[in-house]
*Asks:* 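I'd like to ask some things about the structure below.
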There are 2 protein chains.
Amino acid sequence: MVLDCSPKLDVVFHALAHPARRAIIRQLSGGERNLSELASPLRMTFPAATKHVRVLEGAKLVRRRIAGRQHLCRLHAAPLKEAMLWTEQFRRNWEARFKVLDSLLDEMKSEEQSRSRRR
Amino acid sequence: MVLDCSPKLDVVFHALAHPARRAIIRQLSGGERNLSELASPLRMTFPAATKHVRVLEGAKLVRRRIAGRQHLCRLHAAPLKEAMLWTEQFRRNWEARFKVLDSLLDEMKSEEQSRSRRR
DNA sequence: GGTTTACTATACCAAATGGTATTACAATGT
DNA sequence: ACATTGTAATACCATTTGGTATAGTAAACC
């Protein structure tokens with residue numbers, strides 16, 4: 001079970017709670033970018049933009065490698081998965097036909113398991 | 001496409017970025033609760049707890065109805081779905097076998113389309 | 001060598017956040 | 001009538017957040 005008190009979830013959800021940081025994530029989903037490339041589409045100063053990148057690094061959503069004078073960032077989306085798993089727990093609360101979906105989910109799960117057994 | 005600049009996502013992700021609020025959501029996923037019930041398991045004063053409930057109401061995640069002197073809260077999980085849809089966009093970035101999944105997704109999409117054409 | 005270029009660091013600010021304590025009020029129980 | 005319960009409202013506090021301006025460093029270029 002995904003615990004509510006996970007400090008990871010705190011920082012991940014907080015990192016996602018700002019449009020600039022979500023825009024950065026979207027940019028990085030297209031591949032590696034340096035800080036200038038990430039900052040330029042944002043309507044703020046460069047230092048402000050790099051602060052947002054630091055927040056994303058704190059949430060382990062972004063990793064940075066230094067190449068000469070450029071700082072190249074890449075997305076590490078694994079924490080997003082954990083965030084989604086927490087959210088997923090409440091799917092039945094927004095899904096009207098949740099019984100149908102639950103059975104479908106179970107079906108897919110068992111199918112997945114039998115597939116991995118065959119491997 | 002789910003836009004990064006949606007103010008809804010801001011407030012929803014922010015609402016999720018606190019363990020107390022996630023605990024409240026989990027409690028409410030089990031059904032209606034009044035404020036005292038929500039506050040008692042949280043390690044904080046009552047006013048602090050009700051502030052968190054207000055934040056959740058601001059994110060449209062919680063609705064309140066007043067019955068006598070009790071304020072009964074219920075979960076309205078729909079905004080969680082939107083948050084998950086945004087996150088879902090980056091599934092391929094954490095999923096190793098994303099090509100397999102993408103083709104599966106396309107398959108489901110075209111199946112869905114042909115179903116809606118038949119309707 | 002000197003000038004861009006890419007980025008960091010620091011200081012500073014206003015506003016929001018997360019909490020407390022306290023007071024007040026209305027509905028309920030005895 | 002009175003005490004208790006469930007909640008609101010206010011004031012207050014420390015800390016964090018999101019931004020700016022400015023100065024500084026280090027690599028690349030002419």
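Since we're looking at a predicted model, the values are computed, not measured. Letters A, B, ... are given to chains in the order of the sequence lines, protein chains preceding strands, and every chain is numbered from 1.
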*Asks:* Please evaluate the base of dT5(C) for a donor-acceptor partner in the side chain of Arg69(A) within a cut-off of under 3.5 Å?
*Replies:* yes

*Asks:* Please report, rounded to the nearest Å, how far the P atom of dT17(C) is from the CZ atom of Phe13(B).
*Replies:* 17 Å

*Asks:* Rounded to whole Å, how long is the line connecting atom CD of Gln70(B) with atom C1' of dA26(C)?
*Replies:* 13 Å

*Asks:* Can you check the Arg64(B) CZ to dG6(D) C1' distance for me, whole Å?
*Replies:* 11 Å

*Asks:* If we ignore hydrogens and angles and just use 3.5 Å, is the side chain of Arg21(A) paired with the main-chain N or O of His52(A) as donor and acceptor?
*Replies:* no

*Asks:* Would you say the side-chain atoms of Arg22(A) pair up with the backbone N or O of Leu16(A), donor to acceptor, closer than 3.5 Å?
*Replies:* yes

*Asks:* Determine whether a donor-acceptor pair (N or O, by modelled atom type, separation under 3.5 Å) exists between the side chain of Glu37(A) and the backbone of Asn34(A).
*Replies:* yes

*Asks:* For DNA chain C, what residues of residues 41-55 of chain B have any heavy atom nearer than 4.0 Å?
*Replies:* Met44(B), Thr45(B), Pro47(B), Ala48(B), Lys51(B), His52(B)

*Asks:* Tell me which nucleotide among dG18(C), dG18(D), dA8(D) gets nearest to the side chain of Leu35(B).
*Replies:* dA8(D)

*Asks:* For the pair made of CG in Asp10(B) and P in dA16(C), what is the distance, rounded to whole Å?
*Replies:* 14 Å

*Asks:* Could you check which of dG18(C), dG18(D), dA8(D) has an atom nearest any side-chain atom of His18(A)?
*Replies:* dG18(D)

*Asks:* Let me know which of Leu42(A), Leu35(A), Val55(A) forms a side-chain contact (heavy atoms from CB on, under 4.5 Å) with Ile24(A).
*Replies:* Leu42(A)

*Asks:* Is the side chain of Glu82(B) donor-acceptor paired with the backbone N or O of Pro79(B) at a distance under 3.5 Å, no angle test?
*Replies:* no

*Asks:* Would Lys81(A) and Glu95(B) count as a salt bridge (Lys or Arg N to Asp or Glu O under 4.0 Å) if you check the C-alpha gap in whole Å, the side-chain angles of each, and the deciding distance to 0.1 Å?
*Replies:* CA-CA 9 Å; Lys81(A) 184 179 182 179; Glu95(B) 191 66 63; 5.0 Å; no

*Asks:* More than 12 non-hydrogen atoms from neighbouring residues, nucleotides or ligands closer than 6.0 Å to CZ on Arg63(A), yes or no?
*Replies:* no

*Asks:* Tell me whether the OP1 or OP2 atom of dC7(C) has a side-chain N or O from Ser36(A) closer than 4.0 Å.
*Replies:* yes

*Asks:* Tell me: CG of Leu72(A) to C1' of dC7(C), nearest whole Å?
*Replies:* 12 Å

*Asks:* Using whole Å, report how far CZ of Arg33(B) lies from C1' of dG6(D).
*Replies:* 17 Å

*Asks:* Using whole Å, what does the distance between atom P of nucleotide dA8(D) and atom CG of Asn34(B) come to?
*Replies:* 11 Å

*Asks:* In whole angstrom, what separates Ile66(B)'s CD1 from dT7(D)'s C1'?
*Replies:* 9 Å

*Asks:* May I ask you to verify if any side-chain N or O of His71(A) is less than 4.0 angstrom from the OP1 or OP2 atom of dT8(C)?
*Replies:* yes

